[in-house]
Amino acid sequence: MKKTIKSLITFILIFSLTVVSACSKPNEKTIESSQVELWACPATEKILADVSKEEYSSISSEAKIDIFMAKGEFESGQIIISPSVDVPYYNVTISDLSLANGDDKISVDNITVYTEKYFEVSVNYNNNNAPMGMYPDALVPVSSVVEYEQNSIPKDTNQGIYVTFETKLDQTAGLYTGEMTFDFKDFSQKVPVSVQVFDLAVSEEVRTKSVFRANLCWEHGELDSTQAMFDAYSNALVDYRLAPSTISGLF
């Protein structure tokens, strides 16, 4: 009887160790900081996902965001992640930006961190020597990318992170500083952020003429022709003081 109980206990222990070992994913490799490079470039540059970082040496700089802006406007910065190994997980967060020698701040509520999503361009119809490849197009909040588990990066590619700052009309002029945190589970990296706010404001009255198509005749490009989608486009244009050609709710 004692031998039977002893054998049973031994079996249970062996079984438990096997299950734990299976769940620990022994094939999952640890990522080191030296295998993931962060670098910066102007927010106006489109960095292709499948083009070597060396091809952008003329516009790349150390990983930091350093921008200038007025009160009551939007400005953006861009950080690129270029890993030499597959990255199964990443997340990016940002802190409040605090005013040097003051109490004001640019709150995280006025900062949006996006993941750049890529679309393949395989034909250049304009024949203007622009390269073919994976171009950044859609901007998706990082929080949504993490929620839907699309926050991975294939090795030897570029992943753009786009950050947009909004200042209030009554924002105190001065230098605001903070940091972004890039979390790769095995390690994290900090990127300094500085925003210089000038003592001038963008007028609430818009005099520049503009027109952007956000109406029913362009519905098929989005694959979602709901009123909510039209409203989202129109509201985004209004936020940036741009005019939709018509208010889609009037149709």
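Heads up: numbering here begins at 1 and tracks the sequence. As a basis for the values below, the full set of heavy atoms in this structure was taken, side chains included, without hydrogen atoms, waters or symmetry mates.
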Got Gln189 and Met180 here, is their nearest side-chain heavy-atom distance under 4.5 Å?
no

N/O donor-acceptor pairs under 3.5 Å from side chains in residues 90-112, not counting sequence neighbours:
residue: Tyr90; atom: OH; partner: Thr115; partner atom: OG1; Å: 3.2
residue: Ser95; atom: OG; partner: Glu179; partner atom: N; Å: 3.1
residue: Ser95; atom: OG; partner: Glu179; partner atom: O; Å: 3.4
residue: Asp96; atom: OD1; partner: Val108; partner atom: N; Å: 2.8
residue: Asp96; atom: OD2; partner: Lys105; partner atom: NZ; Å: 3.3
residue: Asp104; atom: OD2; partner: Thr172; partner atom: N; Å: 3.1
residue: Asp104; atom: OD2; partner: Thr172; partner atom: OG1; Å: 3.1
residue: Asp104; atom: OD2; partner: Tyr176; partner atom: OH; Å: 3.3
residue: Ser107; atom: OG; partner: Asp109; partner atom: N; Å: 3.1

Check the hydrophobic clustering (I, L, V, M, F, W, Y; side-chain heavy atoms under 4.5 Å; chains of links allowed) and say if Val140 and Ile79 are grouped together.
yes

List the residues meeting ring-ring contact (aromatic ring centres under 6.0 Å, His included) with Phe184, not counting sequence neighbours, and say none if there are none.
Phe187

Measuring from Glu73:CD to Tyr240:OH, what's the distance to the nearest 0.5 Å?
10.5 Å

Hey, quick one: are Ile81 and Val146 part of the same hydrophobic cluster, counting side-chain heavy atoms closer than 4.5 Å, chains of contacts allowed?
yes

Residues pairing under side-chain hydrogen bond (donor to acceptor under 3.5 Å, both in side chains) where one sits in residues 142-152, two or more places apart or in two chains, turn out to be Lys117-Gln150

With side chains defined as the heavy atoms from C-beta onward, is the minimum distance between Phe68 and Val197 less than 4.5 Å?
no

Sorted by chain and residue number, the salt bridge (Lys or Arg N to Asp or Glu O under 4.0 Å) partners of Glu54 (sequence neighbours excluded) come out as none

Sorted by chain and number, sequence neighbours left out, side-chain hydrogen bond (donor to acceptor under 3.5 Å, both in side chains) with Asp199 holds for Lys71

Do Ile153 and Val85 belong to the same hydrophobic cluster, where Ile, Leu, Val, Met, Phe, Trp and Tyr are linked whenever their side-chain heavy atoms lie under 4.5 Å apart, directly or via other members?
yes

Would Val36 and Phe182 show up in the same hydrophobic cluster when neighbours are defined by side-chain heavy atoms closer than 4.5 Å?
yes

Any side-chain heavy atom of Met69 within less than 4.5 Å of one from Gln196?
no

State which residues pass salt bridge (Lys or Arg N to Asp or Glu O under 4.0 Å) with Lys53; sequence neighbours excluded, sorted by chain then number.
Glu37

Got a list of side-chain donor-acceptor pairs under 3.5 Å for residues 38-50, not counting sequence neighbours?
residue: Trp39; atom: NE1; partner: Ser82; partner atom: OG; Å: 2.8
residue: Lys46; atom: NZ; partner: Pro136; partner atom: O; Å: 3.1
residue: Asp50; atom: OD1; partner: Met134; partner atom: N; Å: 3.1
residue: Asp50; atom: OD2; partner: Met134; partner atom: N; Å: 3.4

For Ser84, all residues meeting side-chain hydrogen bond (donor to acceptor under 3.5 Å, both in side chains), sequence neighbours excluded:
none

Determine all donor-acceptor pairs shorter than 3.5 Å in which one atom belongs to a side chain in residues 120-128; sequence neighbours excluded.
residue: Asn124; atom: OD1; partner: Asn126; partner atom: N; Å: 3.1
residue: Asn124; atom: OD1; partner: Asn127; partner atom: N; Å: 3.0
residue: Asn124; atom: ND2; partner: Asn128; partner atom: OD1; Å: 2.7
residue: Asn124; atom: ND2; partner: Ala130; partner atom: O; Å: 3.3
residue: Asn128; atom: OD1; partner: Ala130; partner atom: N; Å: 3.2

Can you sort out the partners of Tyr89 under ring-ring contact (aromatic ring centres under 6.0 Å, His included), two or more places apart, ordered by chain and number?
none

Would you check if Thr164 and Tyr114 make a side-chain contact, meaning some heavy-atom pair closer than 4.5 Å?
yes

What is the minimum heavy-atom distance between Thr181 and Ser188, and which atoms define it?
CG2-CB, 4.2 Å

Please list, chain by chain and in numerical order, all residues satisfying side-chain hydrogen bond (donor to acceptor under 3.5 Å, both in side chains) with Ser194, sequence neighbours excluded.
Asp66

Where do Leu200 and Ala70 come nearest, in terms of heavy atoms and distance?
CD1-CB, 3.3 Å

Within the structure provided, determine whether Phe165 and Val193 are in side-chain contact (heavy-atom separation under 4.5 Å).
yes

With sequence neighbours left out, the residues meeting side-chain hydrogen bond (donor to acceptor under 3.5 Å, both in side chains) with Lys168 are none

Check whether Val142 and Val87 end up in the same hydrophobic cluster, where Ile, Leu, Val, Met, Phe, Trp and Tyr are linked by side-chain heavy atoms less than 4.5 Å apart.
yes

Is there a side-chain contact between Gln78 and Val163 (heavy atoms, below 4.5 Å)?
no

Considering only heavy atoms from C-beta outward, does the side chain of Ile80 approach that of Ile161 to under 4.5 Å?
no

Which heavy atom in Asp239 sits nearest to a heavy atom in Phe74, and how many Å separate them?
O-CE1, 3.2 Å

